[in-house]
Amino acid sequence: MTAEKPRVRFAPSPTGDLHVGNARTALFNYLFARHHGGEFILRVEDTDSVRTSTDSERRILEDLAWLAIDWDEGPGRGGAKGPYHQRERLDLYSHYLKILIQAGCVYPCYCTEKELEAERAELIFRKMMPRYMGKCRNLNDSERKNLADQGREPAYRFRIGTESIAFTDLIRGAMKFDAGAIGDFIIVRSNGIPAYNFAVVVDDYLMSISHVIRGEDHLSNTALQLLIYRALGFKPPVFAHHALILGKDRSKLSKRHGSVTVREFRERGILPEVLLNYLALLGSSLGGGREVCALEEMITSFSLDRAGKSGAIFDEDKLKWLNGIYIRQGDLHSLTERLLPFIRAAGYHKVDTLDRVWLERVIDAVRGDLSTLSDIGDQMDIFFDDRYVLSGEAQRLLGKEQALTVVRALQEGLEHPPLSADNSYRRIIEIVKRKTGVTGKNLFMPIRAVVTGRIRGPELDKVFAILSPASLKHRVETAISGLSGINR
RNA sequence: GUCCCCAUCGUCUAGUGGCCUAGGACACGGGCCUUUCACGCCUGUAACCGGGGUUCGACUCCCCGUGGGGACACCA
């Protein structure tokens, strides 16, 4: 590791929403930078003219901000090594392309995409590794002129030798590749836009990136990039390739596995700090057996040594479990604040007119049953008469003879003169118990069922304290008339 | 197909030659608490891929096999 402060980067391409795998890469880079007091740079790799969209870029930046991953240099923040969009760095790439051409490391290739595709198909058919066979590798000047005269715009390919490429990966150790197995690859497309491997090398070098931390899927790209570093005479950064996030079938996590973008989890009501916490936990260990871990602690304890070498399956159960912990342990005011959009989405359009103190009591009562913020609507329903409904389970439970007796006693108990909200619950339970002689589960479950319409939910004393006496009475009455009808 | 990477409970992992009768977490089962479901607490089931070495001693080191994954675009 270098003695100076490290400079790392996260370089998304704005071709869709931020994938959790990429978010994890961003987090690793961020944690690495913060842990070592270095700099974290954000660079937008927008060289794919057809798939890139400014909307995607906006959304990725939003997602990063939502996760509280902030960058020291990059879009919206500036910096000495900009610009931070590859599209604005085209002259830089053409400068280094010229150098490579002059050095004879690169040659123009006039093959059309159709021709290349045919070659690839042929190789695959013959069960060989699909790679460029070097058709334009040794063209002379007149041949080139000929092709150019046909109106063909050349792409530029890097001339691969037979040397072997070795480097030390910070996570994986000694790594060795054989250049012979690789075909000459394109570094600048026929439209003049650089290809990934070339742009990355130029940018990482010019931006003084000291450590490249990225997914294992880039391992073989590293060999190509190292070749370019060598040809340009650049000192390469230190590389670290972490394992990927896998789906249930152990293949790279992708759309068909379900939710995969940061935005999807956000919309499903996963807390940003939980997603971060989980991503840090996945495929690594926070050390000391810690699982629930705030960002500050992650920064302190972060180490690439702990990054796992094998892929880790994304476990939504554990994510939800972690989310539930944060929901239960967090501050009630901020929880309420974050819940508001989800309450609105559940159809409570007038949530802002609700009494905030009352709302917070409701949230406090149900937070124990929430695993995601989007569960709130369903859990809140029991406190609103127009949403109250006897579930099938509750009806079944109330269908029992003894249950009906309890409910009738409850009805009588509610007839007693208004009591203070604080002790009404205990008094009513006392009355019902005395009248029926029923105790325990047989006493509480019927009461829970009529009052909430469900067989599970918040603690009953809280429910009684929140619900108005009128609602209570109304629910019991309608339940009784309904049930008696069924029984007869 | 070729190259590369990886390999501990179902899942995420601890374990860096003796502390391992392999520890923790999620999930699952049981119990306790709450005169209720849940929460919480306690507890159970469950793993070192196989074969060779190296060593007094291998989950840990080496080799082979097997299995899984990744890469192989004028995408990044």
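FYI, side chains are in, hydrogens and waters are out, and symmetry mates aren't considered; it's all heavy atoms of this structure.
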Please tell me which of the listed nucleotides, [options], lies nearest to the side chain of [X]?
{"X": "A/Glu45", "options": "B/A76, B/U36, B/A71", "value": "B/A76"}
{"X": "A/Arg456", "options": "B/C4, B/C74, B/C37", "value": "B/C37"}
{"X": "A/Lys441", "options": "B/C37, B/G24, B/C5", "value": "B/C37"}
{"X": "A/Asp317", "options": "B/C6, B/A27, B/C3", "value": "B/A27"}
{"X": "A/Ile429", "options": "B/U35, B/U2, B/G70", "value": "B/U35"}
{"X": "A/Phe177", "options": "B/C3, B/A25, B/C6", "value": "B/C3"}
{"X": "A/Asp369", "options": "B/A38, B/G70, B/A25", "value": "B/A38"}

Using heavy atoms to find the nearest nucleotide of RNA chain B for A/Phe314 and A/Lys433 separately, return the residue whose nucleotide is more 5′.
->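 Comparing both residues, the 5'-ward one is A/Phe314.
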Pick the nucleotide of RNA chain B nearest each of A/Glu153 and A/Thr439; which residue has the one closer to the 5' end?
-> A/Thr439
Determine the contact category for [X]: base if any of its heavy atoms lies under 4.0 Å from a base atom, sugar-phosphate if only primed atoms, P, OP1 or OP2 are that close, otherwise nothing.
{"X": "A/Arg250", "value": "sugar-phosphate"}
{"X": "A/Asn221", "value": "base"}
{"X": "A/His241", "value": "nothing"}
{"X": "A/Ser285", "value": "sugar-phosphate"}
{"X": "A/Arg157", "value": "sugar-phosphate"}
{"X": "A/Leu460", "value": "base"}
{"X": "A/Glu291", "value": "base"}
{"X": "A/Gly457", "value": "base"}
{"X": "A/Ile313", "value": "sugar-phosphate"}
{"X": "A/Glu316", "value": "nothing"}
{"X": "A/Leu244", "value": "sugar-phosphate"}
{"X": "A/Cys111", "value": "base"}
{"X": "A/Lys320", "value": "nothing"}

Does the distance from a Lys or Arg side-chain N to an Asp or Glu carboxylate O, for A/Glu45 and A/Arg43, drop under 4.0 Å?
->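 Looking at A/Arg43 together with A/Glu45, the answer is yes, because their closest N to O distance falls below 4.0 Å.
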Salt-bridge contact A/Arg87-A/Asp48 (side-chain N to carboxylate O under 4.0 Å) = no
Is [X] side chain donor-acceptor paired with the [N] base, going by distance under 3.5 Å alone?
{"X": "A/Lys248", "N": "B/U11", "value": "no"}
{"X": "A/Ser190", "N": "B/C74", "value": "yes"}
{"X": "A/Arg172", "N": "B/C5", "value": "no"}
{"X": "A/Lys318", "N": "B/A27", "value": "no"}

Using whole Å, what does the distance between atom [atom2] of nucleotide [N] and atom [atom1] of [X] come to?
{"X": "A/Asp305", "N": "B/G15", "atom1": "CG", "atom2": "P", "value": "11 Å"}
{"X": "A/Leu281", "N": "B/C12", "atom1": "CG", "atom2": "P", "value": "12 Å"}
{"X": "A/Leu319", "N": "B/A25", "atom1": "CG", "atom2": "C1'", "value": "14 Å"}
{"X": "A/Ile182", "N": "B/C4", "atom1": "CD1", "atom2": "P", "value": "10 Å"}
{"X": "A/Asn277", "N": "B/A25", "atom1": "CG", "atom2": "P", "value": "16 Å"}
{"X": "A/Glu117", "N": "B/C74", "atom1": "CD", "atom2": "P", "value": "10 Å"}
{"X": "A/Trp321", "N": "B/C39", "atom1": "CH2", "atom2": "P", "value": "13 Å"}
{"X": "A/Leu282", "N": "B/G24", "atom1": "CG", "atom2": "C1'", "value": "16 Å"}

Does OP1 or OP2 of [N] have a side-chain N or O of [X] closer than 4.0 Å?
{"X": "A/Arg120", "N": "B/G1", "result": "no"}
{"X": "A/Arg328", "N": "B/G40", "result": "yes"}
{"X": "A/Lys114", "N": "B/C74", "result": "no"}
{"X": "A/Thr47", "N": "B/A76", "result": "yes"}
{"X": "A/Arg290", "N": "B/C12", "result": "no"}

Check A/Asp178 against A/Thr162 and note the closest heavy-atom contact, atom names and distance.
-> OD1-O, 4.1 Å
Shortest non-hydrogen contact between A/Leu244 and A/Asp217, atoms and distance |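 It is CD2-OD1, 3.7 Å.
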What about the rings of A/Phe444 and A/Phe464, do their centers lie closer together than 6.0 Å?
->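 For A/Phe444 and A/Phe464, the ring centres are not under 6.0 Å apart.
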Rounded to the nearest 0.5 Å, the CD1 atom of A/Ile363 sits from the CD atom of A/Gln379 at a distance of 12.0 Å
Is A/Arg157 positioned over the aromatic face of A/Tyr132, cation under 6.0 angstrom from the ring centre and no more than 45 degrees off axis?
->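 Pair A/Arg157/A/Tyr132 counts as cation-pi.
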Please determine, by modelled atom types, if A/Asn221 and A/His218 share a side-chain donor-acceptor pair under 3.5 angstrom.
->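 Short answer, yes.
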Do A/Asp46 and A/His85 have a side chain donor and acceptor closer than 3.5 Å?
->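 No, because no side-chain N or O of A/Asp46 sits under 3.5 Å from a partner of the opposite role on A/His85.
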Under 3.5 Å for both donor-acceptor distances, Watson-Crick or wobble: does [N] have a partner, and if so which one?
{"N": "B/G1", "answer": "B/C72"}
{"N": "B/C32", "answer": "B/G40"}
{"N": "B/A22", "answer": "none"}
{"N": "B/G67", "answer": "B/C6"}

Distance between the C1' atoms of B/A7 and B/U11, in whole angstroms?
->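 Their C1' atoms lie roughly 15 Å apart.
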